[in-house]
A.B. asks: 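First the structure, then my questions, so here it is.
Chain naming here is simple, since letters A, B, ... match the order of the sequence lines and numbering starts at 1 in each.
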There are 2 protein chains.
Amino acid sequence: MQSPTWKDPITAADRVLLEIQRAIVEGQIAPGSKISEPELAKRFDLSRAPLREALARLERCHLIERIPNAGARVVKLSVAGLVSLYQLRETLEGLACRLAAEHMTDAEIAQVQQLLDQHLSTQRVREGESYYQEAGDVDFHYRVILGSKNPYLINLLCDELYFIVRMYRVQLGMNGPRVSRAFDEHKAIINAIANRDGELADLLMRRHIGASRRNIETHFKQPHFKQ
Amino acid sequence: MQSPTWKDPITAADRVLLEIQRAIVEGQIAPGSKISEPELAKRFDLSRAPLREALARLERCHLIERIPNAGARVVKLSVAGLVSLYQLRETLEGLACRLAAEHMTDAEIAQVQQLLDQHLSTQRVREGESYYQEAGDVDFHYRVILGSKNPYLINLLCDELYFIVRMYRVQLGMNGPRVSRAFDEHKAIINAIANRDGELADLLMRRHIGASRRNIETHFKQPHFKQ
DNA sequence: CTGCATCACATTGTCGACAATTTAACTGGA
DNA sequence: TCCAGTTAAATTGTCGACAATGTGATGCAG
């Protein structure tokens, strides 16, 4: 409903949603801080009606928590939360791989392989620019998820879990040394899918995400991040 | 946010949500039919503000689909939708079992085992009353899911997917001959969890749900149900 | 008769104000 | 000083009306 799977931000609620989403993910609105409806309404110059619509969607993607008659707060990041989230991701994207191996067309698979080569070359040129790395990573996972052709799964991963996953990565300053290794793992996964080996693709994806989780987990203890 | 994991229906939006939820699940509001905000507002005697809040939550649990500036419709049931939904459920509840085998206390496990014996006896007395069967089934799955101790997973299964799963079962008239077999399968699953064998519990749960899906699938072709 | 443009109607999106509830500050007493 | 009860301020929930958009009917041109 609100991101890679997007139509056009038509209504005012849509626009303010995107802005607040970005602000929360990037930490401009601090984790744990209270969300004041009157304040945000003034800040974005609209009434509380579309704002509340946006808040409802923010709760849906786990960026805020609401308590009836008491208001909303931005979620707090924690090691336990990260582990829970990635346990889910491992299983879900593993399932996506198994289904993708079954349902993706040869053309779609070839397109992803081509995409990886393309990302590899641009990544060599723009050494160290983490933005391109993340864009490529997101793009790869996105394609595989869509390849599953399972609407519930697609909605879950692309709309509901996407932003909270991104929030962990962004706020823990993920630029890591895992760049080139991730590319190889992506290659192996799409090859397994190309061979219609869903079981292997499932396994590889779980490992891939597991490695990513351990990589992020270490950042919780590093000095440059204030909990 | 709106079911087994429930606090108290305090606000007007909460109350109307429960009523519409029930009406949709039980088919009193026909699948595919349009949701008119003015009509429902009059029918439940409240303004459109809390009604729209309720609609947002109905979309969240996949009971309605909204299109900007064009309104909402009740979801249509289909074989493809059922398959997609149960693919997800198999994987998710399998994960729940694996985590439950790791995180449930001995006391919690014993409580579930006791619960199953209790259900078995009451079921023998009230032969054929499908309500008790379903209540018991829901209760068992609910406990295992909570046992996973994973907040994202709990929210997903108990709040977001619970009602659409129930809608399929209710509207396809599930009373099936699978009663006693399900009890045995539940027993086997909780025993695996008691033995801390997460892998086996995972496998058994997937089979259990797979069997349930095939059981429901057959009802799509039977005469007593009009698509 | 068919196809397209126009227009009126119905529905959704948004607004500002009021009611209900929570939070905190304050007062008084132990 | 600390705690409980009360009260005032601020916030959330709800309402009715208006604006913007979508829908269907009507009428005209081809």
Side-chain angles (χ1 to χ4, degrees), chain A residues 1-3 6-21 23-24 29-76 159, chain B residues 1-3 6-21 23-24 29-76 159:
Chain A
M1 172 66 78
Q2 58 254 38
S3 145
W6 191 248
K7 310 162 224 295
D8 344 50
I10 291 293
T11 79
D14 290 330
R15 280 190 296 274
V16 72
L17 169 65
L18 291 178
E19 289 207 53
I20 301 179
Q21 234 169 21
I24 291 179
I29 303 179
S33 63
K34 187 163 188 326
I35 298 281
S36 166
E37 292 184 9
E39 179 198 326
L40 284 184
K42 219 169 29 175
R43 178 165 151 196
F44 291 105
D45 193 45
L46 39 69
S47 92
R48 283 174 50 218
L51 185 66
R52 284 171 67 87
E53 172 77 27
L55 292 184
R57 297 190 194 167
L58 286 174
E59 182 182 27
R60 183 169 167 172
C61 52
H62 305 277
L63 291 183
I64 68 173
E65 289 168 351
R66 294 175 97 183
I67 299 175
N69 287 319
R73 309 192 80 88
V74 178
V75 294
K76 276 188 272 195
D159 295 339
Chain B
M1 173 64 79
Q2 59 254 39
S3 137
W6 190 250
K7 309 163 225 293
D8 341 54
I10 291 293
T11 79
D14 290 331
R15 281 190 296 273
V16 70
L17 169 65
L18 291 179
E19 288 208 54
I20 301 180
Q21 233 168 22
I24 292 179
I29 304 180
S33 64
K34 186 162 189 331
I35 298 281
S36 167
E37 293 183 8
E39 179 198 327
L40 284 183
K42 219 169 28 177
R43 179 165 152 196
F44 291 105
D45 193 46
L46 38 70
S47 93
R48 282 174 52 218
L51 185 65
R52 285 171 66 87
E53 172 78 26
L55 291 185
R57 296 190 195 168
L58 286 174
E59 183 183 26
R60 182 169 168 172
C61 51
H62 306 276
L63 291 182
I64 67 173
E65 289 169 350
R66 295 174 98 184
I67 299 175
N69 287 318
R73 309 191 80 88
V74 178
V75 293
K76 276 188 273 195
D159 294 340

A.B. asks: Output yes when at least one side-chain N/O atom of B:K42 is less than 4.0 Å from OP1 or OP2 of C:dT11, else no.
C.D. replies: no

A.B. asks: Can you name the residues that form a salt bridge (Lys or Arg N to Asp or Glu O under 4.0 Å) with B:E19, not counting sequence neighbours?
C.D. replies: none

A.B. asks: In chain order, what residues pass the salt bridge (Lys or Arg N to Asp or Glu O under 4.0 Å) check against A:R43, with sequence neighbours excluded?
C.D. replies: none

A.B. asks: With sequence neighbours left out, write down each residue that passes side-chain hydrogen bond (donor to acceptor under 3.5 Å, both in side chains) with B:E37, or none if nothing qualifies.
C.D. replies: B:R48, B:R52

A.B. asks: Whole-Å distance between D:dT11 P and A:L55 CG?
C.D. replies: 14 Å

A.B. asks: Is there any ring-ring contact (aromatic ring centres under 6.0 Å, His included) pair reaching into residues 48-67 of chain A, and which pairs are they, with sequence neighbours excluded?
C.D. replies: A:H62-B:Y152

A.B. asks: Taking any heavy-atom pair under 4.0 Å as a contact, classify A:I35: base, sugar-phosphate, or nothing.
C.D. replies: sugar-phosphate

A.B. asks: Is it true that, when you exclude B:K34 itself, more than 12 heavy atoms of the residues, nucleotides or ligands shown sit nearer than 6.0 Å to its NZ?
C.D. replies: yes

A.B. asks: Name all pairs fulfilling the ring-ring contact (aromatic ring centres under 6.0 Å, His included) condition that reach into residues 40-59 of chain A, sequence neighbours left out, sorted by first residue then second.
C.D. replies: none

A.B. asks: Could you pull out the protein-nucleic contacts involving nucleotides 13-15 of chain D (nitrogen or oxygen on both sides, under 3.5 Å)?
C.D. replies:
residue: D:dG13; atom: OP1; partner: A:N69; partner atom: N; Å: 3.2
residue: D:dG13; atom: OP2; partner: A:R52; partner atom: NH1; Å: 2.5
residue: D:dG13; atom: OP2; partner: A:R52; partner atom: NH2; Å: 2.9
residue: D:dG13; atom: N7; partner: A:R48; partner atom: NH2; Å: 2.9
residue: D:dG13; atom: O6; partner: A:R48; partner atom: NH1; Å: 3.1
residue: D:dT14; atom: OP1; partner: B:A12; partner atom: N; Å: 2.5
residue: D:dC15; atom: OP2; partner: B:S47; partner atom: N; Å: 2.8
residue: D:dC15; atom: OP2; partner: B:S47; partner atom: OG; Å: 3.2

A.B. asks: Indicate, with a heavy-atom threshold strictly under 4.0 Å, whether A:L51 touches base, sugar-phosphate, or nothing.
C.D. replies: nothing

